[in-house]
There are 2 protein chains.
Amino acid sequence: MGKATISDISRSLIEIVWYFGPKGLNGECCKNLTMPEFIALDKISTTTNCAVQDVGYSLGFTKSGATRIVNRLEKKGYVQKIKSHEDARICCVEITKSGERVLSSANSRYVEQFHTIAAKMSDHSLTDTVEVLKAMAKALKG
Amino acid sequence: MGKATISDISRSLIEIVWYFGPKGLNGECCKNLTMPEFIALDKISTTTNCAVQDVGYSLGFTKSGATRIVNRLEKKGYVQKIKSHEDARICCVEITKSGERVLSSANSRYVEQFHTIAAKMSDHSLTDTVEVLKAMAKALKG
DNA sequence: AATTATAGTTGACATCGTCAACCGAATGGA
DNA sequence: TCCATTCGGTTGACGATGTCAACTATAATT
């Protein structure tokens, strides 16, 4: 038996990340929406005049990768690209009605998954758990 | 401006997952080790007579995918495959010295990243945060 | 002994993101 | 004003990664 080389916190974090990440949840947050698409769609829905590159920034993709993921979302009918009036180089990406439905549905499913897990954490209240995760997410940006 | 369609907890969880996941941390937990490889290596290092499929199970991969990731690790010199004596169909995957070094190094880097974030969470002690994450990881398996 | 189940491998394939080269539009200094 | 540069976006070629289905070999069952 090899000794357990990695620490508890690493393993816990990785398990969480793997479970809620791109490969977990059957590889899709929602029917027809991968995790990066989920993130992109959220970014688009909360950003006015969202340029293609803005999507790339929030995902850590190159501008090429940004174009590709936006195109995929467009093909699925969840967003549309509109040339900016102020600057003709920029494409403003906007979420469609269909996109909003899918985003909302993905969110529900994601939250539901989280609640299922949180319900099993007998030593921690849902509120506490949520607070820690929110604080952690906030710390990522600081 | 589209209304923010998704809930805080979804967004927080996703941000964490994205940051500590396959795409975050420069796409590699450690030089020359992707996130699935990290997980596989940990599984291998803590499992006696680890079959190729066992690696697949812990990642949620098909047996084909398991073969491929083990082969990749073997090519990098981090594991070796040994035919089982009891059952000639089974390949026991074992971590090498080099593999242990890399795993340990990836772990350090991962823990360090976590501590950097945790240090910024002024409202939550490191201990509390760790406890919540451990409990959450445990709940995933229950 | 013949059938069936299991572990693993492999070829063909789809997905996805990067890199580098490119286009067109904006901008700024001579 | 003209030209060089910068900037947003797109595209072709590519590499990485995982699945599916077909296959081999070994074990277990009947």
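Side chains are part of it too, since the values below use all heavy atoms of this structure and drop only hydrogens, waters and symmetry mates. So that the names make sense, note that chain A is the first sequence line, chain B the second, and so on, each numbered from 1.
Residues Leu126(B) and Ile16(B) fall within the same hydrophobic cluster, defined by Ile, Leu, Val, Met, Phe, Trp and Tyr side chains chained together at heavy-atom separations under 4.5 Å.
Checked by atom type and distance alone, the side chain of Thr116(B) pairs as donor or acceptor with a backbone atom of Glu112(B) at under 3.5 Å. In this structure a side-chain-to-backbone donor-acceptor pair under 3.5 Å is present from Ser12(A) to Asp8(A). Between the side chain of Ser7(B) and the main chain of Ile9(B), no donor-acceptor pair closer than 3.5 Å is present. Using a distance-only test at 3.5 Å, with no hydrogens or angles considered, no donor-acceptor pair links the side chain of Lys63(A) to the main chain of Gln53(A). Listed for the Thr96(A) side chain is a donor-acceptor partner under 3.5 Å among the backbone atoms of Tyr78(A). When atom types are taken as modelled, the side chain of Thr47(B) and the backbone of Ile44(B) share no donor-acceptor pair closer than 3.5 angstrom.
With dC16(C), dT6(C), dG8(C) as the choices, the nucleotide that has an atom nearest any side-chain atom of Cys91(B) turns out to be dG8(C).
One interatomic measurement links the two molecules: CG of Asn49(B) to C1' of dA7(C), which rounds to 14 Å at whole-angstrom precision. Per the geometry, CE belonging to Met35(A) stands 13 Å off P belonging to dC16(C), to the nearest Å.
For DNA chain D, the span of nucleotides reached by chain B at under 4.0 Å from its heavy atoms goes, 5' to 3', from dT17(D) to dA27(D).
Of the residues in residues 50-67 of chain A, those lying under 4.0 Å from DNA chain C by heavy-atom distance are Gly60(A), Phe61(A), Thr62(A), Ser64(A), Gly65(A). Heavy-atom distances under 4.0 Å link DNA chain D to Arg72(B) of residues 71-80 of chain B, given in residue order.
Using a 4.0 Å cut-off, no side-chain N or O of Lys83(B) falls inside it from OP1 or OP2 of dA7(C).
Of the two residues near DNA chain C, Asp87(B) and Ala88(A), the one whose nearest nucleotide lies more 5' is Asp87(B). In terms of position along DNA chain D, the nucleotide closest to Cys92(A) lies nearer the 5' end than the nucleotide closest to the other residue of the pair Cys92(A) and Arg68(A).
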- Message: Go through it in stages, so that I can follow the logic: the residues are Lys43(B) and Asp54(B), the test is salt bridge (charged side-chain N to carboxylate O under 4.0 Å, His left out), and I'd like the CA-CA distance, side-chain angles, deciding distance and then a yes or no.
- Response: CA-CA 8 Å; Lys43(B) 173 70 178 174; Asp54(B) 291 337; 5.9 Å; no
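With contacts defined as side-chain heavy-atom distances shorter than 4.5 Å, the pair Thr46(A)/Arg11(B) qualifies. For the pair Met136(A) and Phe114(B), the minimum side-chain heavy-atom distance is below 4.5 Å.
Between Tyr110(A) and Phe38(A), the ring planes lie perpendicular to each other; the angle is over 60°, past the 30° to 60° tilted range.
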